[in-house]
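Working notes, beginning with the structure itself.
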Amino acid sequence: MNIAPGETASVLATDAGVEALVRDFETGALPRQSWTHAAHLVVALWYVRRYEWKAAVQLMRARIKFYNASHGIAETPTSGYHETITLFWLRAVRAFYARADRHERGMASLVNEMLAALGDKNLPLKFYTRERLMSPQARAHYVEPDIQPDGQQFKAAPLTAAKRKATTITARGESRAACASARRSLRARRRVSQARGWRLSRRC
């Protein structure tokens with residue numbers, strides 16, 4: 001399956017589409033217009049999910065270089081493969097995958113959650129000055145951030161005020177429902193009280 005330019009979003013809606021994108025990338029068949037930031041992240045997740053870290057890094061590096069060569073993209077101090085950007089995003093994807101709920105989930109589901117979290121392609125500029133990130137040294141070798149440690153981005157995001165409110169409302173609703181059910185009989189109230197070690201009348 002060859003992915004035409006502009007089809008990336010629809011392709012990522014299915015596991016088969018994700019696999020097709022990765023295979024087209026690996027063979028060099030993926031059009032350059034489809035080798036987007038999202039496509040980079042998808043390939044990174046594919047390797048992180050299937051390989052040990054060192055192998056995932058080596059594969060990503062080698063296959064980006066192969067892809068570039070397949071499309072005539074020259075390796076120079078100002079173009080081609082970029083080591084620092086590649087490792088930055090690989091580490092971000094690894095951190096996302098480590099804390100994601102992976103239970104019985106396919107690639108498409110994980111991919112779309114990842115893109116929601118890491119879709120801002122300018123994220124590295126929160127950690128690097130543009131001059132440092134786009135330097136020939138950063139392209140050839142990994143360089144450390146000069147604004148803030150990039151480890152900051154890998155921490156789990158705190159709950160927003162809206163999410164905290166929703167969580168509180170849900171908890172209150174569950175508590176009220178439990179109380180209403182318990183009131184239906186004295187026997188039920190006693191069972192709940194004994195099991196939970198509290199007096200139900202004080203909570204409802």
Side-chain angles (χ1 to χ4, degrees), residues 1-5 7-9 11-103 105-124 127-128 133-145 150-151 153-154:
M1 173 182 173
N2 289 336
I3 299 169
E7 288 185 355
T8 305
V11 163
L12 299 183
T14 66
D15 290 352
V18 170
E19 183 172 355
L21 185 149
V22 175
R23 297 309 175 210
D24 279 0
F25 160 73
E26 291 183 329
T27 62
L30 188 72
R32 284 188 63 178
Q33 299 95 318
S34 296
W35 185 224
T36 60
H37 173 61
H40 278 77
L41 294 182
V42 170
V43 173
L45 180 60
W46 182 272
Y47 292 150
V48 164
R49 192 181 191 193
R50 284 164 174 74
Y51 300 97
E52 295 294 330
W53 174 244
K54 186 176 291 188
V57 171
Q58 291 172 345
L59 282 168
M60 191 76 181
R61 180 186 294 123
R63 287 176 176 167
I64 289 177
K65 290 183 176 183
F66 172 80
Y67 180 85
N68 288 346
S70 299
H71 289 267
I73 302 172
E75 296 287 337
T76 74
T78 58
S79 70
Y81 176 76
H82 196 299
E83 177 75 358
T84 300
I85 290 177
T86 298
L87 287 179
F88 177 93
W89 285 112
L90 270 170
R91 291 174 65 193
V93 169
R94 177 179 63 170
F96 159 80
Y97 186 64
R99 62 177 182 257
D101 178 6
R102 292 170 269 169
H103 182 64
R105 294 181 69 185
M107 274 294 292
S109 175
L110 283 168
V111 159
N112 285 282
E113 181 181 334
M114 174 187 66
L115 294 181
L118 300 176
D120 180 5
K121 66 180 180 180
N122 293 316
L123 181 61
F127 303 89
Y128 292 87
L133 185 62
M134 302 313 297
S135 68
Q137 293 78 12
R139 185 177 294 276
H141 308 284
Y142 178 77
V143 298
E144 296 290 341
D150 61 5
Q153 65 161 306
F154 306 143

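- Here the OG1 atom belonging to Thr78 is positioned 9.0 Å from the CE atom belonging to Met134, to the nearest 0.5 angstrom.
- Here the CG atom belonging to Leu45 is positioned 8.5 Å from the CZ atom belonging to Arg50, to the nearest 0.5 angstrom.
- A distance of 13.0 Å separates CH2 of Trp89 from NE2 of His82, quoted to the nearest 0.5 Å.
- Side chain of Arg102 to backbone of Leu110: no donor-acceptor contact under 3.5 angstrom is found.
- In this pair, Phe25 and Trp35 present their aromatic rings parallel. The plane angle is below 30°, not in the 30 to 60° band.
- With hydrogens and angles ignored, the 3.5 Å screen pairs a side-chain donor or acceptor of Tyr67 with a backbone N or O of Leu30.
- Residue Arg139 comes nearest to Ser79 through the heavy atom pair NH1-C, 3.4 Å, listed as atom of the first residue, atom of the second, then distance.
- At a threshold of 4.5 Å between non-hydrogen side-chain atoms, the residues Glu113 and Arg105 count as touching.
- Within the structure, the salt bridge (charged side-chain N to carboxylate O under 4.0 Å, His left out) test picks out no pair touching residues 39-49 (sequence neighbours left out).
- Under a 3.5 Å cut-off, the side chain of Asp15 and the backbone N or O of Met107 do form a donor-acceptor pair.
- Separating the CG atom in Leu21 from the OG atom in Ser34 is a distance of 7.5 Å, to the nearest 0.5 Å.
- Distance check, rounded to the nearest 0.5 Å: CG of Leu87 to NE2 of His141 gives 12.0 Å.
- At distances below 3.5 Å, at least one donor-acceptor pair connects side-chain atoms of His37 with backbone N or O atoms of Leu118.
- Without hydrogens or angle criteria, Asn112 side chain to Leu12 main chain gives a donor-acceptor distance under 3.5 Å.
- Side-chain contact check for Phe88 versus Leu123: some heavy-atom pair is nearer than 4.5 Å.
- Nearest heavy-atom pair across Trp46 and Arg23 is CZ2-NH2, 3.3 Å.
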Donor-acceptor contacts, no H, no angles, side chain residues 54-62, under 3.5 Å, sequence neighbours left out:
residue, atom, partner, partner atom, Å
Arg61, NE, Glu83, OE1, 3.0
Arg61, NH2, Glu83, OE2, 2.7

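- Glu26 places no side-chain N or O within 3.5 Å of a backbone atom of Arg63 that could act as its donor or acceptor partner.
- Shortest non-hydrogen contact noted between Pro124 and Leu133 is CB-CD2, 3.9 Å.
- The closest donor-acceptor contact from the side chain of Tyr128 to the backbone of Val143 lies under 3.5 Å.
- Residues Asn68 and Gly80 come closest through the heavy atom pair ND2-C, 3.8 Å.
- Atom-to-atom distance recorded for Leu41:CG and Thr36:OG1 is 8.5 Å, nearest 0.5 angstrom.
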